There are 2 protein chains.
Amino acid sequence: MVDSPRIAIDAMGGDTGLAVMLAGAEAAYRQDGALRFLLVGDEAAIREALTRHAELAEASEILHAPDRIAGEDKPSQAIRRAKTTSMGLAIDAVKTGRAGAAVSAGNTGALMAMAKLALRTIKGIDRPALAALLPTLGNNDVVMLDLGANTDCDARNLIQFAVMGAAYARSALELAQPRVALLNIGTEELKGTDEVRDAAAMLRQADYLPLQFTGFIEGDRMSRGDVDVIVCDGFSGNVALKTIEGTARFVADLLRRAFTSSLRSKIGFLISRPATELLRHHLDPNNHNGAIFLGLNGLVVKSHGSANANGVANAIRLAARLVRDDLTRRISEDLANFDTHKGPEAVTA
Amino acid sequence: MVDSPRIAIDAMGGDTGLAVMLAGAEAAYRQDGALRFLLVGDEAAIREALTRHAELAEASEILHAPDRIAGEDKPSQAIRRAKTTSMGLAIDAVKTGRAGAAVSAGNTGALMAMAKLALRTIKGIDRPALAALLPTLGNNDVVMLDLGANTDCDARNLIQFAVMGAAYARSALELAQPRVALLNIGTEELKGTDEVRDAAAMLRQADYLPLQFTGFIEGDRMSRGDVDVIVCDGFSGNVALKTIEGTARFVADLLRRAFTSSLRSKIGFLISRPATELLRHHLDPNNHNGAIFLGLNGLVVKSHGSANANGVANAIRLAARLVRDDLTRRISEDLANFDTHKGPEAVTA
């Protein structure tokens, strides 16, 4: 257990940039004084900004990076600049052990490509996956993966995602036996693609893993809180995630129209404002910020490009928790456990 | 143009059964006195129920079916009972020309299998697709397909879906040049699966078709009203559709919790009730009821299993409009047009 995790912050990534990243780091530090930071980016700019964040300055070191990855940079271009960019050097700090985890709000494709190249996948994992926490009606968030790292997935990939997602849920959600379901277009055994059916058949027998496989889940049940981990290929996972975002915004827009459609409804809205603020808080993506690349030899957390300081602080807290829980080791142990029973050819490379 | 379309009603299908199907047919008839009905099911039961629907009785004939398809019947079992069930005989009435379209609220898998077997696919279509209309923030609904008929789709399937979806949008939404987009996990040309990229490359060149190809669309933009037709494989389409349903219900549930959390918020809610009723009306699936199997030699509309009479009436109105517009012929003509330019091997069988 690492008591004082040091988090490498890609200070130059994201739409909002340095000011929000530092404000987020300071907010996280105020809540957890054991945190330490490695602020990676333009040294002069960081030093100047830190004059407005005296508390954070005490807990931080600066690592100078002369260059930064832009939102439109292609992954193939980005990886050639790993040694000079704030994103590349933040990941490198994880590789060398100078930091326990890296947090970046930059370009997802570039971050994934650089992290994979620098940190390599855990033994037994064919492909890393992008996982996030989504709100539910239950007491807990739900872990969902893959969210776009892998457009085509076979049964073996899906099973590895299930193992990684369950390890993540044990750490992030503090559950001993997370309930894991495969996303499908029906709940009967015959529904869906070959890949999904084959993965389900294998997971049904894997009763020695510290997870409870509950079968298939459909898109309309994902927010009910019935399961803790939802496993899918990166194409349908990305479609589902963005559809949730789009639909929540759609309903909110309709609601806004409805509430401003007459004087009477405006008055009603003003009176019930504390209630709608509660709703807004629950749906605010900043309160669920921080997607993680699972399956690498090191922790890299992706903060949303447009997250505010509160969102960045949540991503940093998530990173710190996963460092303390040694998530990478947990995943390796679960995979080794799976191998012992099924033989390496069944699930892992 | 068919002035008085006759619609075959599977009177025994769905969760709600005969009473709702007949009430829905009567509601549709009140709005459109030119409609005629073929009520397919248990003759004694229908005759008895019609005593409470005198208006509908005037415009209806009864076709006796001794058996019915249940919700749990497998498609493979259902097709063996095509000659005795209300669902099978309603489809058969379309095949023989006794009705212009069939409407059923029964088991989707069984309906699709029976319709495909009885009506066969249009020349030039490899696989029929399930299409529905979804609400948007714009002035029009958006057509989405495929919604679950085909879990794996190649580029050719996707292009055929685009052509059928555009023909459907021209009829159902009265648009001359529907804007068609492919669902993907990014908007750049390099994003997504091979199938989606290949389909996009072909659609970009198909400028002689009566549609406007607008490229890729992501899940978070589907409800914005920027496009008229969204094309996808049946797996991600079904995931997206159900995710929309689930998220809308999730937000509504949170809203209900918020509004009942205090006396103050309850009062605010009561005052703004007309506004929230407007929202409820906009999101009510009954107002968007009626999915259609595109690509068959005949029109079959699927009403939601739990639709109310208003929902059934909407499905019937949709069926009548598509009969009047001769949608099947329109799709065939568009496919022939596509063939002329690209050669049959490019897109059609």
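In what follows, chains carry the letters A, B, and so on, assigned in the order in which the sequence lines appear, proteins first and then strands, with residues in each chain numbered from 1. Everything quoted here is computed from the prediction, not taken from an experiment. Values reported hereafter were calculated over all heavy atoms of this structure, with side chains retained and with hydrogens, waters and symmetry mates removed.
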Side chain / backbone / both / neither for A:Asp233 at chain B, heavy atoms under 4.5 Å = side chain
Write down the atom of A:Leu183, the atom of B:Phe235, and the distance for their closest heavy-atom approach.
-> O-CZ, 3.6 Å
Who wins among A:Val196, A:Leu137, A:Thr193, A:Val239 for the most heavy-atom pairs under 4.5 Å with chain B?
-> A:Leu137
Nearest non-hydrogen partners of A:Ala240 and B:Thr243, listed with the distance | O-CG2, 3.6 Å
Could you please spell out the steps behind the side chain to side chain contact (heavy atoms under 4.5 Å, CB included) verdict for B:Phe250 and A:Ile244?
-> CA-CA 10 Å; B:Phe250 172 63; A:Ile244 290 173; over 6 Å; no
Check whether more than 12 heavy atoms from other residues, nucleotides or ligands sit under 6.0 Å from atom CD of A:Glu189, and answer yes or no.
-> no
Of all of B:Thr136, B:Asp152, B:Leu241, which one pairs up most often with chain A through heavy atoms under 4.5 Å apart?
-> B:Thr136
Looking only at A:Gly246, A:Gly237, A:Gly186, A:Gly148, most heavy-atom pairs under 4.5 Å shared with chain B are made by A:Gly246
Nearest 0.5 Å, what's the OG1-CE distance between A:Thr247 and B:Met222?
-> 6.0 Å
All heavy atoms of A:Lys242 vs all of B:Ile185, minimum pair found to be NZ-O, 3.2 Å
Criterion side chain to side chain contact (heavy atoms under 4.5 Å, CB included) on A:Asp253 and B:Arg224, from CA distance to verdict | CA-CA 10 Å; A:Asp253 284 352; B:Arg224 309 305 293 176; 3.3 Å; yes
Heavy-atom check, side chain of A:Glu188 versus side chain of B:Glu72, under 4.5 Å = no
What one should report as the nearest heavy-atom pair of A:Glu245 and B:Asp220 is OE1-OD2, 4.2 Å
Chain A contact via B:Lys74 - which portion, at a heavy-atom distance below 4.5 Å = side chain
Among B:Asn184, B:Leu254, B:Ile267, the residue with the most heavy-atom pairs under 4.5 Å to chain A is B:Leu254
Name the member of A:Asp194, A:Leu147, A:Thr151 that forms the most heavy-atom pairs with chain B at distances under 4.5 Å.
-> A:Thr151
